[in-house]
Amino acid sequence: MRTTTGEVAYEDLGSGPAVVLLHANLHDHHDFDPIIPALAANYRVLAVDWPGHGASAPNPTITAAACATALVELVTTLNLNPAVFLGNSLGGYAAASLALTHPDRVAGLILVNTGGFIPQTPLTRAYCTLYGSTLAARYWLPHSIRNYTKPMSPHDTAIIARTTRTARTAIGRTTYSSLWHSFNSPTYDLTPRASQLTTPTLIIWGTRDPVLPLRYAHLTHRLLPHSTLHLLPTGHLPFSSTPEKFLEIAEPFIESTLAAAGKER
């Protein structure tokens, strides 16, 4: 699909009310392969590749705000009825941003080790600058992927291999760095508007994630007045590490929020 950030690819499976899956920086929609079949049995599943990622067109200057814009354009073009948006890390930020600007499009949010709800301070800005540096992207990034994934399943191992291949390319490193630098933009900090987010929200957090540690799960939960929090003993990708346990938490939320949205239409 054409957007202002370039062609955006997505996989469209199943039928019924929509569930939209949004991945993390440098990853792609195949991160969600362990949970897609179960979801597609009952819902229309749209698994998106961010601009510059996966099968989407390259975009080495992509920013978090541009990803959020691409999501708005995708949802508008497809004219989706209120859907559940499941976002991991960068994907969580974009999903929450959509719920703030277009609440009529969002029946519910599932935020998984999400970004967007960490107040910006000199320390966090320095952290993002360091992570986005050329040296970090070239020398540290390929080794960090296993560290934040904390592999527990064969699919985790496949994600690590796939993402590491991307991280070892020049365009992959540039894309990764551009996104990390964009996390210092004021638009990425949703904390000033968090109290305005009235969408039913399920927060699922892998407690072993070193990039977004557990304290940010509790902070996000406190900031969002209509949220519930569930913890899983995984790294950054709990839907890949423990898909069955993840679905035990996520599926009842998806069913109830989409049913409520259907009654309101």
Side-chain angles (χ1 to χ4, degrees), residues 10-24 29-48 71-72 74-76 78-114 116-117 152-153 155 194 196-207 217 220-221 223-234 236-265:
Y10 61 92
E11 190 169 7
D12 191 343
L13 298 168
S15 61
V19 177
V20 182
L21 308 180
L22 306 167
H23 64 80
H29 79 273
H30 288 294
D31 284 12
F32 299 104
D33 283 354
I35 63 171
I36 285 176
L39 295 176
N42 298 297
Y43 307 106
R44 180 187 182 188
V45 176
L46 299 164
V48 179
L71 179 61
V72 171
L74 182 144
V75 168
T76 303
L78 296 178
N79 194 27
L80 292 182
N81 287 325
V84 169
F85 291 79
L86 191 165
N88 176 218
S89 197
L90 165 65
Y93 155 77
S97 179
L98 178 70
L100 285 164
T101 59
H102 295 75
D104 56 313
R105 297 288 189 178
V106 184
L109 292 171
I110 302 177
L111 305 180
V112 186
N113 291 60
T114 187
F117 295 100
M152 299 172 61
S153 70
H155 192 74
Q196 302 168 25
L197 206 161
T198 59
T199 304
T201 301
L202 171 63
I203 303 168
I204 303 179
W205 212 276
T207 60
T220 303
H221 180 38
L223 285 168
L224 299 179
H226 300 273
S227 69
T228 57
L229 172 63
H230 288 263
L231 306 177
L232 290 171
T234 72
H236 197 59
L237 310 170
F239 44 83
S240 169
S241 299
T242 56
E244 294 83 5
K245 292 180 180 178
F246 184 90
L247 287 168
E248 285 177 7
I249 300 167
E251 285 188 305
F253 175 84
I254 294 170
E255 181 179 4
S256 63
T257 52
L258 288 174
K263 290 177 182 177
E264 292 174 1
R265 289 202 301 272

Enquirer: What are the two closest heavy atoms between Thr76 and Val72, and how far apart are they?
Expert: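 Thr76 and Val72 have their closest heavy atoms at OG1-O, 2.7 Å.
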Enquirer: Closest heavy-atom contact between Leu13 and Ala40?
Expert: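 That would be CB-CB, 4.2 Å.
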Enquirer: Would a 4.5 Å heavy-atom cut-off, applied to side chains only, mark Pro238 and Asn113 as touching?
Expert: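 When only atoms from C-beta onward are counted, Asn113 and Pro238 do touch, with a gap below 4.5 Å.
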Enquirer: Let me confirm one number: the NZ-CG distance from Lys245 to Leu247, rounded to the nearest 0.5 Å.
Expert: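 Here the rounded value is 13.0 Å.
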Enquirer: For residues 250-262, which side-chain donor-acceptor pairs fall under 3.5 Å, sequence neighbours excluded?
Expert:
unit_1: Ser256; atom_1: OG; unit_2: Pro252; atom_2: O; d: 3.1
unit_1: Ser256; atom_1: OG; unit_2: Phe253; atom_2: O; d: 3.1
unit_1: Thr257; atom_1: OG1; unit_2: Phe253; atom_2: O; d: 2.8
unit_1: Thr257; atom_1: OG1; unit_2: Ile254; atom_2: O; d: 3.2

Enquirer: So, Thr199 side chain and Leu197 main chain: donor-acceptor pair closer than 3.5 Å or not?
Expert: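 No; judged by distance alone, with no hydrogens or angles, the pair does not exist.
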Enquirer: Going by the side chain to side chain contact (heavy atoms under 4.5 Å, CB included) test, name the single residue among Leu231, Thr228, Leu232 that passes it with Ile249.
Expert: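 The residue from Leu231, Thr228, Leu232 that satisfies side chain to side chain contact (heavy atoms under 4.5 Å, CB included) with Ile249 turns out to be Leu232.
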Enquirer: Any luck finding a side-chain donor-acceptor pair between His226 and Thr198 under 3.5 Å?
Expert: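 Side chains of His226 and Thr198: no pair found under 3.5 Å.
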Enquirer: Which residues satisfy the salt bridge (charged side-chain N to carboxylate O under 4.0 Å, His left out) test with Asp12, sequence neighbours excluded?
Expert: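 Asp12 satisfies salt bridge (charged side-chain N to carboxylate O under 4.0 Å, His left out) with Arg44 once adjacent residues are dropped.
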Enquirer: If you round to the nearest 0.5 Å, how far is CD of Glu11 from NE2 of His30?
Expert: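 Nearest 0.5 Å value for the NE2-CD distance: 6.5 Å.
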Enquirer: Just verifying a value: how many Å separate Gln196 CD and Leu100 CG, rounded to the nearest 0.5 Å?
Expert: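 One finds 6.5 Å between CD of Gln196 and CG of Leu100.
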Enquirer: Between Leu86 and Ile35, is the side-chain contact (heavy atoms from CB on, under 4.5 Å) condition met? List the steps.
Expert: CA-CA 11 Å; Leu86 191 165; Ile35 63 171; 4.2 Å; yes
Enquirer: Passes side-chain contact (heavy atoms from CB on, under 4.5 Å), Phe32 versus Val45? Steps please.
Expert: CA-CA 11 Å; Phe32 299 104; Val45 176; over 6 Å; no
Enquirer: Does Leu78 reach the side chain of Leu46, with side-chain heavy atoms less than 4.5 Å apart?
Expert: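 Yes, side chains in contact.
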Enquirer: Going through the distances and angles, do Phe85 and Leu71 end up as a side-chain contact (heavy atoms from CB on, under 4.5 Å)?
Expert: CA-CA 10 Å; Phe85 291 79; Leu71 179 61; 4.1 Å; yes
Enquirer: For a quick test of reading the model, state the closest non-hydrogen atom pair linking His23 to His29 and the distance between them.
Expert: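 The pair with the smallest heavy-atom distance is CD2-N, 3.7 Å.
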Enquirer: Which atoms form the tightest heavy-atom contact between Phe117 and Ala194, and what is the distance?
Expert: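 In this case the closest contact between Phe117 and Ala194 is CE2-CB, 4.0 Å.
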Enquirer: Test your reading of the model: is there a side-chain donor-acceptor pair from Asn88 to the backbone of His236, 3.5 Å cut-off?
Expert: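 Side chain of Asn88 to backbone of His236: a pair is present.
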Enquirer: Ignoring hydrogens and angles, tell me if any N or O in the side chain of His230 forms a donor-acceptor pair with the backbone of Phe246 under 3.5 Å.
Expert: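 A pair under 3.5 Å: no.
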Enquirer: Would Phe239 and Ile110 count as a side-chain contact (heavy atoms from CB on, under 4.5 Å) if you check the C-alpha gap in whole Å, the side-chain angles of each, and the deciding distance to 0.1 Å?
Expert: CA-CA 11 Å; Phe239 44 83; Ile110 302 177; over 6 Å; no
Enquirer: Is it true that a side-chain atom of Ser240 and a backbone atom of Asp31 form a donor plus acceptor pair closer than 3.5 Å?
Expert: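 Here the side-chain-to-backbone pair does not exist.
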Enquirer: What is the minimum heavy-atom distance between Asn42 and Ala38, and which atoms define it?
Expert: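 Heavy atoms only, the tightest pair is ND2-O, 3.8 Å.
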Enquirer: Please examine the side chains of Ile203 and Thr114, heavy atoms only from C-beta on, and report whether any two atoms are closer than 4.5 Å.
Expert: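 Thr114 does not reach Ile203 side chain to side chain.
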Enquirer: Is any side-chain heavy atom of Leu111 less than 4.5 Å from a side-chain heavy atom of Leu224?
Expert: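 SC-SC contact between Leu111 and Leu224 confirmed.
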Enquirer: So, for Pro17 and Tyr43, which heavy atoms are closest and what is the spacing to 0.1 Å?
Expert: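 Looking at all heavy atoms of both residues, the closest pair is O-CB, 3.2 Å.
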Enquirer: Measuring from atom CG of Leu90 to atom CG of Leu22, what distance do you get when rounded to the nearest 0.5 angstrom?
Expert: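 Output value for this atom pair is 8.5 Å.
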